[in-house]
Student: 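My structure is below; once you've seen it, I'll send some questions.
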There are 2 protein chains.
Amino acid sequence: MNFVFNERDGCAKCPIRHRAVCARCDEDELSVLEGMKSYKTFAQGEPIIWRGDDMHHISSVVAGIASLSRTLEDGRTQVVGLLLPSDFIGRPGRETVDFDVTAVTEVTLCRFQRKQFETLVTDVPHISQRVMEMALDELNAAREWMVLLGRKTAREKIATFIEMVVRRDTVPVHTGQAHTLPLTREEIANFLGLTLETVSRQLSSMKKEGVLTFSDRRKFTVLNLAALQEATGDDADGGVII
Amino acid sequence: MNFVFNERDGCAKCPIRHRAVCARCDEDELSVLEGMKSYKTFAQGEPIIWRGDDMHHISSVVAGIASLSRTLEDGRTQVVGLLLPSDFIGRPGRETVDFDVTAVTEVTLCRFQRKQFETLVTDVPHISQRVMEMALDELNAAREWMVLLGRKTAREKIATFIEMVVRRDTVPVHTGQAHTLPLTREEIANFLGLTLETVSRQLSSMKKEGVLTFSDRRKFTVLNLAALQEATGDDADGGVII
DNA sequence: ATGTATCTTTGATCTAGGTCAAGTTCGTCA
DNA sequence: TGACGAACTTGACCTAGATCAAAGATACAT
């Protein structure tokens, strides 16, 4: 049941059909998009677009992971978001890009000319409604991350990150499952507002305490999920009254 | 030329008419909104809604400033956004609220029943288009703030904050103008991911260095704008190629 | 006017996490 | 199969900003 993306299949078989900017579109709308889209693949580590560049396309990530980041003049870098399949890149209504976008793994994008996409936004309500919804979700995620960056300790940051990775790819029920860190220690550090040494030390100490075990630098298994969640510093509930 | 908001005036004379969620609406659409809206005012310091509460309304700030924040169990607080006139509160499509919303100054909201607003989002494209646009702008601002929280020094954080306050209420040309900090030292600290003591010390040192001068705890004038901008740690240009 | 609470400043000290510096592991390519 | 480089770990030390503590300011209520 493993989706292998194939450009020739068309939108109907697209793995992100029901989650991307096109999610709310009906068959007719989809056939319009079909005629406008094009694919492009970027190798691992390759820059997709730089801050300040002209934005010629609005794209959706079809496969792979990209990062959004900003680097200050002296080299300090902050990753402000990870773009997973179905996430979009670009801002209709803006001429240039505000953050650097880089392929963290090999990335395939489904792209639309920005000008054409802007006409879709005004002419096809299903598009603006879906982009609105996605932007509001991203906004929420960004604000949650602001709490982490501004107020959490190194340990809480790492625990939150690991828990996020686990939550994102856990197959229901199947516990004791192996997971893969999608980022290097340095990339994790830039995402969490830490140094790579601190990331390494915190991971080592969680290993020593028996919360996690690593089979390899990138592959790990959670041994004590309760301890992991406790270490995130978040409420167990999402603010819901019990 | 000072707008005094008056509920009786109706949408046409509303001070946020051209910037809020209704900005793109035509006269007919506006008259629909007119029949659905209601106003509510909150006193300075009063909570507007708590994280986890049922979201009965979607609102726009008409006057005043509100804060969006999250507090961890042990009391650490992070302000994740300031809501100024025209900014909206609430997320169409969600049942509950994700952050605490508090009136920083006296705040007047223009409110819509959430359920009714959700029908507007599906029936009136001008609404979803405008909310999309605003959400994308907010997302950008949140990401910029993530860079500040994750990578900037205390001095850079304060300089960025002051510069933001100045930019937001500068009358063109008029330099040497007096500005007012909208927040207490503690609120500034919670917005910047610092302690109130560090905020106070950094402000004192910028005063000592002649970058700013205070006429009062809240009122200040910028004496050296170049030094202030230099201290933010940002590129002077917005990544634009010169 | 005066007392009280809130906000702010400043000083002294402490510490989490950064910086600097070796090593170690692992994957790749000859 | 070995050697090179990238990624990672660990240790020693340092510092920016937190914490703890004590005075000043300011505003507000009586």
Side-chain angles (χ1 to χ4, degrees), chain A residues 43-46 67 72 74-78 102 104-105 148-162 180-209 212-220 231 233, chain B residues 43-46 72 74-78 102 104-106 148-162 180-209 212-220 231 233:
Chain A
Q44 180 171 101
E46 199 181 342
S67 72
L72 304 178
D74 63 357
R76 283 172 288 171
T77 298
Q78 180 65 47
T102 312
V104 168
T105 63
L148 174 143
L149 292 173
R151 290 301 185 208
K152 288 191 177 183
T153 64
R155 173 144 238 262
E156 290 169 334
K157 287 176 173 181
I158 294 287
T160 304
F161 175 71
I162 297 286
T180 302
L181 293 176
L183 306 176
T184 65
R185 301 292 185 267
E186 186 178 25
E187 288 163 339
I188 296 171
N190 288 338
F191 194 25
L192 298 176
L194 296 171
T195 59
L196 68 94
E197 293 93 330
T198 298
V199 170
S200 179
R201 277 187 250 270
Q202 292 295 334
L203 287 174
S204 296
S205 91
M206 297 189 90
K207 200 166 60 182
K208 207 172 301 170
E209 292 164 30
L212 303 173
T213 180
F214 281 81
S215 65
D216 148 324
R217 304 203 251 197
R218 295 290 196 99
K219 294 203 187 69
F220 69 96
Chain B
Q44 180 170 103
E46 198 181 344
L72 303 178
D74 63 355
R76 283 173 288 171
T77 297
Q78 179 64 47
T102 312
V104 169
T105 63
E106 181 179 277
L148 174 143
L149 292 172
R151 290 301 187 210
K152 288 191 176 182
T153 63
R155 175 143 234 264
E156 289 169 336
K157 288 176 173 181
I158 294 287
T160 304
F161 175 71
I162 297 286
T180 302
L181 292 176
L183 306 176
T184 65
R185 301 293 185 265
E186 186 178 25
E187 289 163 338
I188 296 171
N190 288 337
F191 194 27
L192 298 177
L194 296 171
T195 59
L196 68 94
E197 293 94 332
T198 298
V199 170
S200 179
R201 277 187 249 272
Q202 292 295 336
L203 287 174
S204 296
S205 91
M206 296 188 91
K207 200 166 60 181
K208 206 171 301 169
E209 292 164 30
L212 303 173
T213 181
F214 281 81
S215 66
D216 155 318
R217 308 203 249 195
R218 296 291 195 98
K219 295 205 188 69
F220 69 95

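Note on naming: letters A, B, ... go to the chains in the order of the sequence lines (proteins, then strands), and numbering restarts at 1 for each one.
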Student: For A/Gly193, which contact category applies under a 4.0 Å heavy-atom criterion: base, sugar-phosphate, or nothing?
Tutor: sugar-phosphate

Student: OP1, OP2 of D/dA18 versus side-chain N and O of B/Thr195: anything below 4.0 Å?
Tutor: yes

Student: Return the value, rounded to whole Å, for the distance between atom CZ of B/Arg76 and atom C1' of D/dG17.
Tutor: 15 Å

Student: I want to confirm an ordering. Mapping B/Glu197 and A/Glu186 to their closest nucleotides on DNA chain D, which one lands closer to the 5' end?
Tutor: A/Glu186

Student: So do B/Arg201 and B/Ile158 actually touch side chain to side chain, heavy atoms under 4.5 Å?
Tutor: no

Student: Let me test you: for the helix from C/dA1-D/dT30 to C/dA30-D/dT1, what is the angle between the axes at its two ends (five pairs each), rounded to 10 degrees?
Tutor: 40°

Student: Is it the case that the side chain of A/Ser200 and the backbone of A/Leu196 share a donor-acceptor pair, with hydrogens and angles ignored and the cut-off at 3.5 Å?
Tutor: no

Student: Mark yes when over 12 heavy atoms from residues, nucleotides or ligands other than A/Glu186 sit less than 6.0 Å from its CD; otherwise mark no.
Tutor: no

Student: With a 4.5 Å cut-off on side-chain heavy atoms, are B/Ser204 and B/Lys208 touching?
Tutor: no

Student: Return no unless some side-chain N or O of A/Ser200 is found under 4.0 Å from OP1 or OP2 of D/dC8.
Tutor: no

Student: Please report, rounded to the nearest Å, how far the P atom of D/dA23 is from the CG atom of B/Leu196.
Tutor: 18 Å

Student: Answer whether the closest heavy-atom distance between the side chains of B/Thr184 and B/Arg218 falls below 4.5 Å.
Tutor: yes

Student: Please give, in whole Å, the distance from D/dA25 C1' to B/Arg218 CZ?
Tutor: 14 Å

Student: What contact category does B/Leu203 fall into here, base, sugar-phosphate, or nothing, at under 4.0 angstrom with non-hydrogen atoms?
Tutor: nothing

Student: Whole-Å distance between D/dA18 P and B/Asn190 CG?
Tutor: 11 Å

Student: Can you give the first and last nucleotides of DNA chain C, 5' to 3', that have an atom under 4.0 Å from a heavy atom of chain B?
Tutor: C/dC7 to C/dA12

Student: Indicate yes or no: at least one non-hydrogen side-chain atom of A/Phe161 is less than 4.5 angstrom from one of A/Leu183.
Tutor: yes

Student: Can you check whether B/Leu72 reaches B/Gln78 side chain to side chain, under 4.5 Å on heavy atoms?
Tutor: no

Student: Expressed as a whole number of angstroms, how long is the span from B/Gln44:CD to D/dC28:P?
Tutor: 10 Å

Student: State which residue, out of B/Leu181, B/Thr180, B/Leu203, fulfils the side chain to side chain contact (heavy atoms under 4.5 Å, CB included) condition with B/Phe220.
Tutor: B/Leu181

Student: B/Gln202 CD to D/dA18 C1': how many Å, rounded?
Tutor: 13 Å

Student: Taking the side chain as C-beta and beyond, is there a heavy-atom pair between B/Gln202 and B/Leu194 under 4.5 Å?
Tutor: no

Student: Whole-Å distance between D/dA16 C1' and A/Leu194 CG?
Tutor: 15 Å

Student: Using a heavy-atom cut-off of under 4.0 Å over every strand shown, decide if B/Arg217 touches base, sugar-phosphate, or nothing.
Tutor: base

Student: Can you check the A/Leu183 CG to D/dC8 C1' distance for me, whole Å?
Tutor: 15 Å

